[in-house]
Novice: 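Please find one structure pasted underneath; my questions will follow.
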Amino acid sequence: MSKNISCQDDHDPSALTLEQAHERIAASIEPLTCAEWLFIRQALGRVLARDVRSSIDVPAHRNSAMDGYALRGEELPAAGETRLRLAGTVLAGHPFADKIAPGHCVRIMTGAPLPEELDTVVMQEHVRVEGDAIVIGSGHKPGQNVRQAGEDIRRGGVVLQRGRRLTPADIGLLASLGITEVRVSRRLRVAFFSTGDELRSLGEPLEPGQIYDSNRYTLHAMLSRLGVDIIDMGIVPDRRDAIAETLELAARDADVVVTTGGVSVGEADYIKDILARLGQVDFWKIAIKPGRPLAYGKVKQALFFGLPGNPVSAMVTFYQFLQPALHQLMGENSRKPRTLRLPTLSRLRKRPGRVEFQRGILVTDEKRGWAVQSTGNQGSHILSSMSQADCFIILPLESRGAEPGEEVTVQLFDGLV
Ligand code: AMP
Ligand code: MG
């Protein structure tokens with residue numbers, strides 16, 4: 001059976017698959033070796049350059065998990081009741097100095113250190129106070145309601161691994177260990193510019209046929225979230241000398257140079273010449289939609305990404321290729337973007353031959369739970385579809401779309417940053 005490639009599907013035998021493109025990029029990147037010390041308050045979102053070990057046990061001492069009475073587990077009654085005399089009260093931050101004789105207990109607060117002789121806490125609601133004694137019934141277990149020293153973290157143990165991007169919880173964890181500074185990889189410097197004679201900067205009037213440059217703003221926003229140093233080099237017209245000059249300048253200062261526009265088939269040829277002179281760049285057709293053309297390689301010693309000009313394509317290729325590459329450069333341990341399987345409420349149309357990143361909106365109702373619906377028009381120039389969306393609906397290479405009720409793969413925007 002012969003296959004009609006041009007009309008029925010989007011197969012292009014010379015295109016790379018999404019996975020091949022990922023692999024080639026990943027294989028070509030060496031993580032930065034430069035690192036710096038930062039106070040933990042400045043380290044949110046940065047990547048650890050070495051393992052962090054704990055120099056203390058956490059908790060540092062055995063302590064009570066609740067407000068109640070601490071006692072010897074062996075003195076709990078197997079049946080009936082036991083009466084213990086109160087020897088005093090232990091508050092958090094105030095260890096009990098005296099020895100506690102058999103037949104005695106102490107009142108204890110949550111987090112307060114357990115006196116050495118005692119090993120069990122009974123909740124205050126479970127005892128009867130009678131003068132300077134308490135009465136406890138049966139049904140309690142020796143050792144209950146006690147947090148052991150080192151139960152959370154052992155002294156000397158690795159708490160956070162090299163390559164971890166620090167979260168708010170990590171910062172708190174570091175503080176709980178008394179750690180004030182951490183060694184993190186240095187900030188990346190990313191330079192970018194837009195190419196296109198039709199582009200105007202904000203504040204300039206638009207002549208017929210001209211449009212405002214939005215990609216630089218989108219890029220600036222996405223890069224800001226990654227915590228990199230941003231070098232915005234503006235708009236460069238479609239002129240050989242101007243592009244060559246800007247590229248050279250960008251590569252001098254930056255670890256990574258990003259352009260948008262000018263890599264589609266019609267334009268690729270003359271940019272190819274420039275890039276061939278300045279570095280080693282491949283022009284890839286990737287079997288994805290949107291975002292098929294991507295230029296990738298090196299300009300001087302800087303990594304180079306030539307993203308497509310269409311605003312949605314630029315964002316898709318940023319999230320799928322540039323962002324993981326930046327993570328890798330920063331030394332971050334690789335992590336797969338999180339995906340979910342959810343039923344679609346919309347009918348999704350697609351031709352086989354490319355992986356599609358359609359824009360979706362998560363919806364929920366009490367009966368059916370979470371589902372996803374399409375934003376509608378999926379044109380790669382419809383930036384409002386990205387703005388409305390909170391996820392990509394990823395339709396695999398050979399898919400022919402999906403009917404309402406069918407499960408599809410969803411990648412949350414939240415998990416992308
Ligand atoms: P290109 O990849 O240069 O062929 O551009 C593809 C489409 O994206 C064209 O319609 C361009 O006008 C548009 N485009 C390119 N760069 C930008 C930009 N920086 N902001 C908004 N649209 C752009
Ligand atoms: Mg262009």
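Order of appearance sets the numbers: ligands from 1, and atoms from 1 within every ligand. Hydrogens, waters and symmetry mates play no part in the numbers below; they use all other heavy atoms, side chains included.
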Novice: Charged N to carboxylate O under 4.0 angstrom, E356 versus K350?
Specialist: no

Novice: State which residue, out of N333, D170, D51, fulfils the side chain to side chain donor-acceptor pair (under 3.5 Å) condition with R164.
Specialist: D170

Novice: Looking at D253 and R189, does any basic side-chain N land under 4.0 Å from a carboxylate oxygen?
Specialist: no

Novice: Hey, which residues fall under 4.0 Å of ligand 1 on heavy atoms?
Specialist: S194, E198, L199, I211, Y212, D213, S214, N215, T260, G261, G262, S264, E267, G309, N310, P311

Novice: Under 6.0 Å from the ring centre and within 45 degrees of the ring axis: does the NZ or CZ of K272 meet both conditions for the six-membered ring of F283?
Specialist: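 Checked: cation-pi criterion met.
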
Novice: Strictly under 6.0 Å, is that where the ring centroids of F392 and F413 end up?
Specialist: yes

Novice: Which is it for N215 and S194 under the side chain to side chain donor-acceptor pair (under 3.5 Å) test, yes or no, and what are the steps along the way?
Specialist: CA-CA 7 Å; N215 286 345; S194 297; 5.4 Å; no

